[in-house]
Amino acid sequence: MSNKHQLNTKLIHAGEPEKRYGGAVSMPIFQSSTFEFGGQTDYHDLQYIRLNNTPNHIVLHEKLAALEGAEAALVTASGMAAISASLLTFLKSGDHFLAHESLYGGTHDLINKDFPDLGIECDFIDGCDPNGWEEKLRSETKLIYVETITNPLLDVLDLNAVVDFAKKNNLLSLIDNTFASPVNYRPIENGFDLSLHSATKYLNGHTDIVAGAVIGSKELVTQVRHKLNHLGGSLDPNACFLMHRGIKTLGLRMERQNYNSFEVAKFLENHPRVARVNHPGLESSDSHDRANELLDGTSGMVSFEIDGSIEDANLFMSHLNLFINTASLGGVESLVTRPVQTSHSGMAPEERLAAGIQDELIRLSIGIEDAEDLIADLGQALEKI
Ligand SMILES: *Cc1c(COP(=O)(O)O)cnc(C)c1O
C-alpha cells in the first residue's frame, strides 16, 4: 500500500503493522533483547536487538524505505554507524574511492585518520564540478561518496553528474542525505545506490536521540546489515520508538523549516551589518540553479558572515535570546554556532581557508518557531555590534 501514497501519508502509515499489536494505535516498545526461536536457519535471522530485526526495527525499516522510494532500509546507532558500516561493507584493503572534498567532520576524520590504517585510500574531488573526476579514477576505485547539501557553506553538489559518473565507471554511489531529508531529496529515485542519514537531525527532529539510517536496494542494505550486525552499532528499541514518533511530523516540520530558513536568509542578505549569506534558495547562491532543479526545498540551514571581526561575531551570538549556542542541527528549536569552534574545529586552519570557511562564519539551524520572532531576535542582536 505504502508506495501508492504521497510523502505525508507514508510518514504516518508506511510500515505500520497490518494487525496492530494489542490494538495499540501507537507502535509499542518491544524492550526485549531476544525473542523465541522460530526455526530460523541463518544467524542474521535470529531475532535479537543487535541483529536489527525486532518489531521496532522492522517498522522503521519499512517506513524509511517507503519515504525514499527504495526496497529496503536499516536503522543504526548513529549517523556515523550508518556511514562507517556502509563504507566498510563496500571497501576493503587495497580499494580506493572518491569523496567530495568538504564532508561532515566525523566522516572526514574517519577517511583521513582511520582508513589509511586499513589500507583504504581516498581522493577528494569537487562535487560541484565534474571536470577532474575522471583523472582521479584508478583500477581499484570502487565507489563515490558525496553529501546532498554541504556543511557549513550549503553548496548543492552536481548530484546528477555524480550518478552518471558512477554508472559510467561502474562505481557504487553513496550519498549522505542528512541535510536534505527525504522531504527535499530522494537519492534512490534519482539513481544513487545508497542514501545515508544522521537520523539525529531532521528525521528524528527533536534533539533527544542519536541515530542513523541506510536506505537502498534489498541486496545492498542486507550486506550493510550483516556488517553492522558484526560491528555492533544497532539502535536500541527505545530510541527506535522515539525516532518513529519524531519522524511522523517530518513533513510538517520540514515545510516550516524550508520556509523559515528562506525568510531568515533574505532578512540577513538585506542587513547592512551582514557581509555574505549562504543559502541555496537565494539567487546570489552559486547553488541556486541546482537547488531549483534537484531539490523540493532547501532545508533549514543558513550560514553567514557579519561585516566585522570574530569578537563582533561572538558579541552578536551572545545577544541572541531564542537561538541556543551549540553544534548539531535539524531539531525543532533554532541553534547557532561558529563552525570553527565546533563542527569544523578538527580541520587545520589552512584546510578551512582553502574550503572557504572563515573564522567569522556563523551557522544557524532554523527551527519551527515563528519566522517573525527569529528575525526580530537576529535583528536586535545585529544592532548590538
Ligand atoms: C551529524 C551528522 C553526521 C553524524 O551523525 P551522528 O548521528 O552524530 O553520528 C553525519 N553526516 C552529517 C551531514 C551530519 O550532519
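In listed order, ligands and their atoms are each counted from 1.
Annotation: the span from Leu154 atom CG to Thr148 atom OG1 amounts to 12.0 Å, rounded to 0.5 Å. Taking CD1 from Ile149 and CG from Asn177, the interatomic distance works out to 8.0 Å, rounded to the nearest 0.5 Å.
Residues His279 and Ser261 bring a donor and an acceptor atom of their side chains to less than 3.5 Å of each other.
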Measure from every N or O atom of ligand 1 to the protein's N or O atoms and keep only the pairs below 3.5 Å, writing each with atom names and distance to 0.1 Å.
from	atom 1	to	atom 2	distance (Å)
ligand 1	5 (O)	Ser198	OG	2.9
ligand 1	7 (O)	Gly79	N	2.9
ligand 1	7 (O)	Ser198	OG	2.8
ligand 1	7 (O)	Thr200	OG1	2.6
ligand 1	9 (O)	Gly79	N	3.0
ligand 1	9 (O)	Met80	N	2.8
ligand 1	11 (N)	Asp176	OD2	2.6
ligand 1	15 (O)	Lys201	NZ	2.8

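Listed by first and then second residue, the side-chain hydrogen bond (donor to acceptor under 3.5 Å, both in side chains) pairs involving residues 237-248 are Glu16-His244 (not counting sequence neighbours).
Looking at His100 and Thr150, their side chains come closer than 4.5 Å, going by heavy atoms from C-beta outward.
Both tests hold for Lys266 against Phe262: distance to the six-membered ring centre under 6.0 Å, angle to the ring axis within 45°.
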